[in-house]
Amino acid sequence: MSGPLPRRAKRPAARLLVTDPDGRLLLFRFTPDDRAPFWVTPGGAVDRGETFEEAARRELREETGLDLETGPCVAVRHVTFVTLQGIEVDAEERYYAVPVETARIDTAGHTELEQRVMLDHRWFTPEELAALEEAWFPVDLLEIWRDLLAGRLGL
């Protein structure tokens, strides 16, 4: 007979849909040792005592060097996954729209872990992302992004 399922750690996270003036979306490529490379939006865990909005702005500054107000929360996802540190988590991810005036970013604020596994970034069109052979997250990113570009999400 099996016992109760182990509890996963809760991981609230702020994710960023950073779009340049051409509507391209910024993604970072992760190359961890324990799984295939994948692409994700900027963002990360909400620190203790921080709101989702505060985390969104901090993550934007740390990962892109841009110190801007983030736009509204345009999507919420609940997912389970294993972090790069090997921790199984239940994540509430809130996605914030961040239109920017330039495609130039500064990655000097990356953490030590990010410096090891997050070496590449790229601005994608929806068509380029759809043609990408590597995984990206969230799995419904194209739908969220297309809704954002079409004005169906709260910008």
Side-chain angles (χ1 to χ4, degrees), residues 5-20 22-47 50 52-53 55-66 68 70-100 102-150 152-153:
L5 293 174
R7 289 183 52 102
R8 291 176 176 259
K10 298 292 183 195
R11 185 181 188 269
R15 310 291 324 170
L16 305 162
L17 300 170
V18 180
T19 52
D20 73 2
D22 295 325
R24 297 178 306 163
L25 183 71
L26 176 64
L27 295 178
F28 286 101
R29 184 174 186 255
F30 279 70
T31 55
D33 294 333
D34 64 341
R35 60 194 96 167
F38 59 92
W39 294 81
V40 297
T41 63
V46 175
D47 289 341
E50 199 175 39
F52 281 92
E53 291 76 15
R57 185 161 187 174
R58 175 184 50 77
E59 289 287 342
L60 180 67
R61 188 175 52 252
E62 290 173 0
E63 294 189 0
T64 70
L66 300 170
L68 303 169
T70 60
C73 177
V74 295
V76 178
R77 297 292 178 267
H78 295 273
V79 294
T80 58
F81 63 92
V82 177
T83 68
L84 295 178
Q85 296 88 353
I87 301 167
E88 293 185 15
V89 296
D90 280 325
E92 176 184 342
E93 299 181 333
R94 296 187 188 179
Y95 288 81
Y96 293 85
V98 187
V100 297
T102 179
R104 183 174 302 149
I105 67 167
D106 179 359
T107 60
H110 285 192
T111 66
E112 181 181 324
L113 174 63
E114 290 167 344
Q115 290 173 17
R116 274 190 292 116
V117 301
M118 205 166 88
L119 302 178
D120 297 317
H121 70 274
R122 181 174 159 195
W123 295 87
F124 286 89
T125 66
E127 297 76 22
E128 290 168 340
L129 184 58
L132 189 65
E133 294 187 12
E134 292 180 320
W136 71 82
F137 298 99
V139 294
D140 61 344
L141 179 58
L142 275 173
E143 290 79 20
I144 297 169
W145 182 15
R146 286 181 174 137
D147 284 346
L148 185 67
L149 289 174
R152 292 187 289 266
L153 298 177

Before giving the answer on side-chain contact (heavy atoms from CB on, under 4.5 Å), spell out for H121 and I105 the whole-Å C-alpha distance, their side-chain angles and the decisive distance to 0.1 Å.
CA-CA 10 Å; H121 70 274; I105 67 167; 3.6 Å; yes
Under the criterion side-chain contact (heavy atoms from CB on, under 4.5 Å), which of V98, V74, L26 is the partner of L17?
V74
Do the charged groups of E59 and R61 touch, with an N to O distance under 4.0 Å?
no
Of all the heavy-atom pairs spanning H110 and E63, show the shortest one and how long it is.
NE2-O, 3.0 Å
Charged N-O contact under 4.0 Å between E53 and R57:
no
Do E92 and V46 come close enough that some side-chain heavy atom pair is under 4.5 Å?
no
When W39 is tested against each of W123, F28, F124 for ring-ring contact (aromatic ring centres under 6.0 Å, His included), which residue passes?
F124
Does a side-chain heavy-atom distance below 4.5 Å link E128 with R122?
yes
Search all heavy atoms of A103 against all heavy atoms of D20 and return the closest pair with its distance.
CB-OD2, 4.0 Å
Going through the distances and angles, do L60 and V18 end up as a side-chain contact (heavy atoms from CB on, under 4.5 Å)?
CA-CA 9 Å; L60 180 67; V18 180; 3.9 Å; yes
Could you check whether any side-chain heavy atom of Y95 comes within less than 4.5 Å of a side-chain heavy atom of T41, counting everything from C-beta outward?
yes
Classify the ring geometry between F38 and F30 as parallel (under 30°), tilted (30 to 60°) or perpendicular (over 60°).
parallel
For R24 and T125, run side chain to side chain donor-acceptor pair (under 3.5 Å): C-alpha distance rounded to whole Å, both residues' side-chain angles, the deciding distance at 0.1 Å, then the answer.
CA-CA 5 Å; R24 297 178 306 163; T125 66; over 6 Å; no
